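Please read the structure below before turning to the comments.
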Amino acid sequence: MLERTLQPPYRNDFRIPSLEHDSFKTATGIPVFLFKAGSENVLKIEFVFNAGHIQAGNGTIATACNMLMREGTKNRSAKEISEALDYFGSYYESEATRDRASVCLYSLSKHLNSTLPVLMEVLNEPSFPEKEVQLYKDNLIQKLRVNMKKIDFVARQKFPSLIFGEQHPYGIQQTEQSIGAIQRENLQELHKKLYLHGIRYVMISGNLGKDEEAWLKNILQQCTMRPEFGESLSKPDILPPQKKFIQSAEAIQSALRLGRCVPGREHEDYPGLQVMNTLLGGHFGSRLMSNIREDKGYTYGIGSGITPLLNATLLSISTEVGKEVTGDALKEIYKELQRLRTESVELEELELVKNYMLGTFLRSMDGPFQLAERFSSLIDFSLPESWYHQYLEKVKNIRPENVLSLAKKYLKPEDFTELVVGCE
């Protein structure tokens with residue numbers, strides 16, 4: 001019988017799942033990767049494009065193009081597209097991030113010959129109906145007006161511009177003017193430039209039988225989209241650290257954002273930075289949570305994270321606190337930065353964080369969809385397949401003195417940009 005009063009023994013001799021896959025190129029040169037695994041007869045087919053905020057020039061037009069592609073084609077209305085996919089239990093998903101855009105189809109393997117042609121039609125022949133474009137703009141403006149009354153939304157939108165500048169695609173804010181400027185002709189032009197001639201790769205994962213695989217390859221070989229990447233994208237000019245307060249008269253809380261740029265995934269410090277960040281605010285038992293939530297009761301939640309982008313990597317801290325404790329909360333945040341810079345972390349706390357990170361990483365590779373997503377990250381950042389092994393080894397072997405050294409280097413308060421949105 002299991003002794004449930006004792007925790008299971010910890011093991012760190014695990015091996016990460018293999019990223020073994022098949023691949024081929026279409027007639028136009030599109031790389032296609034296949035992760036064939038899983039017990040359920042479900043497939044995920046993801047088309048990835050160089051059509052993010054940075055390629056489109058701003059996030060408003062990039063997202064609009066990505067979202068409106070499914071609102072009608074030359075042969076189908078938005079309703080007909082939805083019905084054609086819903087009938088076979090399929091699910092359409094798309095997004096445009098700062099660095100890329102994707103269009104994804106989840107489908108039962110046995111219905112692939114009915115659902116994939118619909119997706120290909122959406123990708124190749126979107127009509128961007130004028131009525132749907134106007135409706136999208138009206139809804140988005142109304143949503144923006146509502147969100148601009150929320151301090152967390154204002155902080156989330158404004159903060160990147162304090163780091164990257166208001167003119168760079170990473171920092172450009174969405175406005176009613178930028179939404180109103182969306183025109184059908186702009187969307188058609190963007191689709192031709194960044195979707196028909198900007199595809200990066202196709203990622204297929206799930207239970208794929210031989211018959212489905214042969215049929216799928218045949219369809220993709222007929223695809224006329226081309227992987228033309230265009231000019232290289234320049235890195236943003238990071239602005240000097242600054243402190244900014246935005247008044248929100250009706251707010252009963254303050255939204256706090258603090259952050260700075262740090263080295264990215266290709267840098268030797270990156271694994272250690274992830275450990276340092278997890279200690280600081282990257283899990284529920286982190287120092288920021290223990291101090292500002294559990295001990296002081298200033299907030300329901302606070303966290304820190306590292307966001308890798310193709311042209312920058314951002315370390316940020318975020319929370320919402322009562323307006324009467326705004327100053328005290330900021331003092332405590334800087335206090336925790338100082339602790340990591342001056343006091344060596346206890347080995348027991350460090351081991352707990354490392355175990356948490358390793359376990360979280362393994363869960364993120366559980367299944368074909370997750371494996372494909374991890375592999376996509378390697379492609380996006382031009383990293384070798386051995387990178388995850390190297391990353392985990394560095395995480396497992398990091399010592400307290402390594403964390404202290406990194407904190408001294410990257411957690412200097414004067415290097416952080418600070419934003420407060422609320423009421424004085």
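Since we're looking at a predicted model, the values are computed, not measured.
Counting only distance, with no hydrogens or angles, the side chain of Gln157 and the backbone of Gln174 share a donor-acceptor pair below 3.5 Å. Looking only at distances, a side-chain donor or acceptor of Lys137 sits under 3.5 Å from a matching main-chain atom of Gly180.
For NZ of Lys143, the number of neighbouring non-hydrogen atoms (other residues, nucleotides, ligands) closer than 6.0 Å is 12 at most. The environment of Glu348 atom CD is sparse: at most 12 non-hydrogen atoms of other residues, nucleotides or ligands sit within 6.0 angstrom. Atom CD of Gln173 has more than 12 heavy atoms from other residues, nucleotides or ligands within 6.0 Å. Sparse packing is recorded around CE of Met67, with 12 or fewer heavy atoms of other residues, nucleotides or ligands lying under 6.0 Å away. No more than 12 heavy-atom neighbours from other residues, nucleotides or ligands sit within 6.0 angstrom of CD on Glu20. Heavy-atom contacts from other residues, nucleotides or ligands closer than 6.0 Å to CD1 of Ile252 number 12 or fewer.
The shortest side-chain heavy-atom distance between Leu280 and Leu337 falls under the 4.5 Å cut-off. Side-chain contact between Leu108 and Val42: present, with at least one pair of heavy atoms (C-beta onward) separated by less than 4.5 Å. No side-chain heavy atom of His267 sits under 4.5 Å from any side-chain heavy atom of Thr313.
Separation of the Phe47 and Tyr195 ring centroids does not fall under the 6.0 Å cut-off.
For the pair Arg200 and Phe49, the NZ or CZ position fails the cation-pi test of under 6.0 Å to the six-membered ring centre and within 45 degrees of the ring normal. The cationic atom of Arg265 (NZ for Lys, CZ for Arg) lies less than 6.0 Å from the six-membered ring centre of Phe381 and within 45° of the ring axis.
Between Glu385 and Arg374, none of the side-chain N atoms (NZ, or NE/NH1/NH2) sits under 4.0 Å from a carboxylate O, so this pair counts as no salt bridge. Between Lys394 and Glu268 no salt bridge is recorded (no basic side-chain N to carboxylate O distance below 4.0 Å).
Each of Tyr91, Phe88, Tyr106 was evaluated against His111; a single residue qualifies, Phe88, per the ring-ring contact (aromatic ring centres under 6.0 Å, His included) test.
Residues passing the salt bridge (charged side-chain N to carboxylate O under 4.0 Å, His left out) test with Glu46 are Arg100, sequence neighbours excluded.
In terms of heavy atoms, Leu350 sits closest to Arg399 at CD2-C, 3.7 Å.
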Exercise. Would you sort out whether Glu189 and Lys192 count as a salt bridge (charged side-chain N to carboxylate O under 4.0 Å, His left out), showing the intermediate values?
Key: CA-CA 5 Å; Glu189 181 181 352; Lys192 181 179 179 180; over 6 Å; no
